[in-house]
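Beneath this line is the structure, given in C-alpha cells, with notes to follow.
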Number of protein chains: 2
Amino acid sequence: MKRSRPLRRKPKRPEPKRQEPDAIDLRSTDDDPVVQGILTAISQKRLKPGAKLGEDKLAKAFGTTRIHIRQALSHLASRKVVMQIPNRGAFVYRPSWEEAKDILAARRVIETATVSAAIDRLDKAGRAELKAHMELEARHDRNDRWASLSLTAEFHVLVAKLAGNRVLLEMSRELMLRTSLAIATFEQPGEPDCLPDAHPDIGALILARDKASAIDAMRHHIEEMEQRIRPKEGADEVDELTAIFREIDARGRAGG
Amino acid sequence: MKRSRPLRRKPKRPEPKRQEPDAIDLRSTDDDPVVQGILTAISQKRLKPGAKLGEDKLAKAFGTTRIHIRQALSHLASRKVVMQIPNRGAFVYRPSWEEAKDILAARRVIETATVSAAIDRLDKAGRAELKAHMELEARHDRNDRWASLSLTAEFHVLVAKLAGNRVLLEMSRELMLRTSLAIATFEQPGEPDCLPDAHPDIGALILARDKASAIDAMRHHIEEMEQRIRPKEGADEVDELTAIFREIDARGRAGG
DNA sequence: AATCAATAAATTGGCGCCAATTTTTGGCGC
DNA sequence: GCGCCAAAAATTGGCGCCAATTTATTGATT
C-alpha cells in the first residue's frame, strides 16, 4: 500500500566529479582536490620541506572541513610526502640525507628501465607525443618559473607513460615528487629538479631508438641530480626544525 | 606566585611502543597493529582479494574503535592493498589483469637491480644473514603452510635489504604484497607466491658474486611467476564485481 | 511464480564537541 | 639579562551522534 511517495531523500545533487585533464604536474591518479592542491604546491616548490600544515588553516584555505584535511594529510603521509608527528601535526616531508640519495638511486633504476621499455614500445602515437612535448619544452618561456618546473617534470612522466607500465609510472611519479623534496632540502630552495638541457638529448635518442645511448643519457641525467645535492651540515640536526617552522610561519601561509 | 603544583597532567604512561622484531612477513615499517594485522592476513592468504572489510567487524575483531579502523583502511587504500568504494566500504584489493602483469614486470625491474646491488655491497654480515636464511628455508617444515609463505617472501625482502637502498626496499615490499594479491586473484587461491626451489640457486649465486648469473636467475624466477598467472575470463568484467561481493558476503567474514 | 517497488535494516560518511597534548605567553627569581 | 616554572591559548586526537546511502527483506502487481 502506501504509494504516497514518501520523498525520503534529497533531490540527489548531480555529483560534481571533477574529471578535468587540467594542469601539468606530477600528481597521481587521485582526484581529491585537497591532495592535488598540496601536491601541486609542493611540486611547484611553493611549500618547502618542513613547512607546517595546520589542519584548521588548510580547512579554511580549501573551504572544507577538518575531516577532509585529515584524510588528505593521512593519505599524503602514506606516500611519504607529508610527515605526521603525533599531537604535533603534519609537515611537508623532509627526507634525510640517506633517503635523498636512495630516492635518486631508485630513480636511476626505474627510469633507465622505463626508457628502455619506452623505446621497445614506441609507436606512431608515442613519437607524436614525445615530439610535441619536446617542442613545448624548446619553446617555453624560461621566465615562467612554474611552467618550467611543470614541463621538466612532465618529460619524465611522459617517458614513463610511453613505457606502458602503470605500476612503474606510479612509482616514477612518486619518486619525482620525493626528488623535489630531496632537492629542495639539500640544494637551494626554488631550484628546478632537472637541468632541462638534458631532455632534448634523451628525447632525440628515444626517437632514434638508440637504446643503449638513451639509457646512458638518462642515467647520466639522474647522476647529475645526485651530484647536485650535498649533505647540509646540520640539516638533519634535531630541533633545527623549529627554526624553520618559525620562519615559515612568519611569512604566513604559502599561498603567495 | 602560586607554586601550588597543580598536578596538571597524568603521570604520562610509559609509551608501549611495540618494537618487537616479531613475525616474518612483508609488512612495512608502520607499527599500527590494525595495519599489520590486515597485511599479515593478506600475505598469509587468509584474506582473499575482494573480501569485504567492514568497519564495525574489524573494530570488534581488533578490540578498537571505528576511527582507528578507518585510518588503517585509508592507509592501506593509499598503498593499493585495499580498495575503498564510496558508501560501500573497503575490500581487499583485487588487481586487474593488466595491473597484475605490470606488478610482476615492475618486480623484474626492481629485483634484478637489488640483486645486482646486493652483490656489490655484500659483506661478511650480509653473507651470514643470507646463509642463515638459506638454511632456514632448506630445513623448514613444508607442511606448515604459513611458515612457508612467510619464508619465501622473506627471501626477497632479505635480498632487497642487502642492496642497502631503503626506498627500493620499501618498493619491493609493496610489490611483493601486491604480487600476493595478483597471484591470489589469477591463480588458485592459497598457492604460494614463489616456487621455493629457485631461492637456493639465487642465494648461491649471490654468495658466489656471480652477478650476471644471479640477475638472470632472479629474472627467470620472476618470469616463472608471470607465467603462472592467467587472465580469468570475466574476472575483470564490469559489474561482475557485485556478484563477487555478494558471494563474499554470503560466506560471512573471511577470518575463519 | 517471477518481477518490481517500497519499507526496513545495516553500513558508511561527516559534523560537533570535548579531552589530551603541545606551544606560546606571562612572571618570578637568580 | 637569562633561565626556569606555571597558566593560557592553540592545536591535535578521539568518541558519539545523526544523516545519507547502500543492501536486504517484505509485499504487491502482472
Side-chain angles (χ1 to χ4, degrees), chain A residues 1-17 32 34 50-77 82-91 238-239 241-250 252-253, chain B residues 1-15 32 34 50-77 82-91 239 241-253:
Chain A
M1 338 144 168
K2 273 203 261 186
R3 308 284 298 285
S4 60
R5 190 104 63 80
L7 53 88
R8 59 174 188 268
R9 277 166 216 184
K10 278 190 183 171
K12 183 185 267 185
R13 47 185 174 178
E15 289 244 359
K17 251 216 175 175
D32 177 27
V34 177
K52 163 119 195 187
L53 300 170
E55 298 183 356
D56 277 326
K57 286 177 185 168
L58 287 173
K60 246 176 275 182
F62 282 100
T64 177
T65 61
R66 207 151 64 91
I67 293 199
H68 294 295
I69 301 297
R70 286 175 78 84
Q71 289 172 353
L73 291 176
S74 172
H75 172 73
L76 292 171
V82 156
M83 179 176 54
Q84 277 180 316
I85 305 179
N87 289 320
R88 306 227 347 231
F91 307 86
V238 190
D239 260 73
L241 276 176
T242 52
I244 291 171
F245 295 157
R246 191 163 312 175
E247 170 209 349
I248 298 286
D249 231 48
R253 72 190 72 79
Chain B
M1 337 152 161
K2 274 204 261 186
R3 307 284 298 284
S4 61
R5 191 103 63 79
L7 52 88
R8 58 177 190 263
R9 276 166 216 185
K10 279 190 184 171
K12 184 184 267 185
R13 48 188 172 176
E15 288 245 1
D32 177 27
V34 176
K52 164 122 195 190
L53 299 170
E55 298 183 356
D56 278 327
K57 287 174 185 170
L58 287 173
K60 247 177 273 184
F62 282 100
T64 178
T65 61
R66 205 151 67 90
I67 292 200
H68 295 292
I69 301 296
R70 285 175 80 83
Q71 289 172 352
L73 290 176
S74 172
H75 173 71
L76 291 170
V82 156
M83 180 177 52
Q84 277 179 315
I85 305 178
N87 289 321
R88 307 225 348 229
F91 307 86
D239 260 74
L241 275 176
T242 52
I244 289 168
F245 295 155
R246 192 162 312 178
E247 168 210 349
I248 298 286
D249 231 46
R251 69 175 61 185
R253 72 191 71 81

May I have the distance from A:F91 (atom CZ) to D:dT11 (atom P), rounded to whole angstrom? 12 Å

Would you say a side-chain N or O of A:R88 is under 4.0 Å from OP1 or OP2 of C:dT21? no

Whole angstrom is fine here: how far is it from CD1 in B:I85 over to P in C:dG13? 11 Å

What one should report as the nearest heavy-atom pair of A:G89 and A:K52 is CA-NZ, 4.3 Å

Between P of D:dT22 and CD of B:E55, the distance in whole Å: 15 Å

Any side-chain heavy atom of B:H75 sitting closer than 4.5 Å to one from B:Q71? no

For the residue pair B:V34 and B:A72, what are the closest heavy atoms and their distance? CG1-CB, 3.5 Å

How do B:D56 and A:N87 order along DNA chain C: which one's closest nucleotide is nearer the 5' end? B:D56

Measure from CD1 on A:I69 to P on D:dT11 and round the result to the nearest Å. 14 Å

Tell me, with the steps shown, if A:L73 and A:R70 meet side-chain contact (heavy atoms from CB on, under 4.5 Å). CA-CA 5 Å; A:L73 291 176; A:R70 286 175 78 84; 5.9 Å; no

Could you check B:I69 against B:F62 for side-chain contact (heavy atoms from CB on, under 4.5 Å), going step by step and ending with a plain yes or no? CA-CA 9 Å; B:I69 301 296; B:F62 282 100; 4.3 Å; yes

Tell me whether the OP1 or OP2 atom of D:dT23 has a side-chain N or O from B:K52 closer than 4.0 Å. no

Atom pairs under 3.5 Å, N or O on each side, protein against nucleotides 14-17 of chain C: can you list them with distances?
from, atom 1, to, atom 2, distance (Å)
C:dC15, OP2, A:T65, OG1, 2.7

Shortest non-hydrogen separation from B:Q84 to B:A90 and the atoms involved: CG-CB, 3.9 Å

Pairing nucleotide - D:dA10, Watson-Crick or G-U, each distance under 3.5 Å: C:dT21

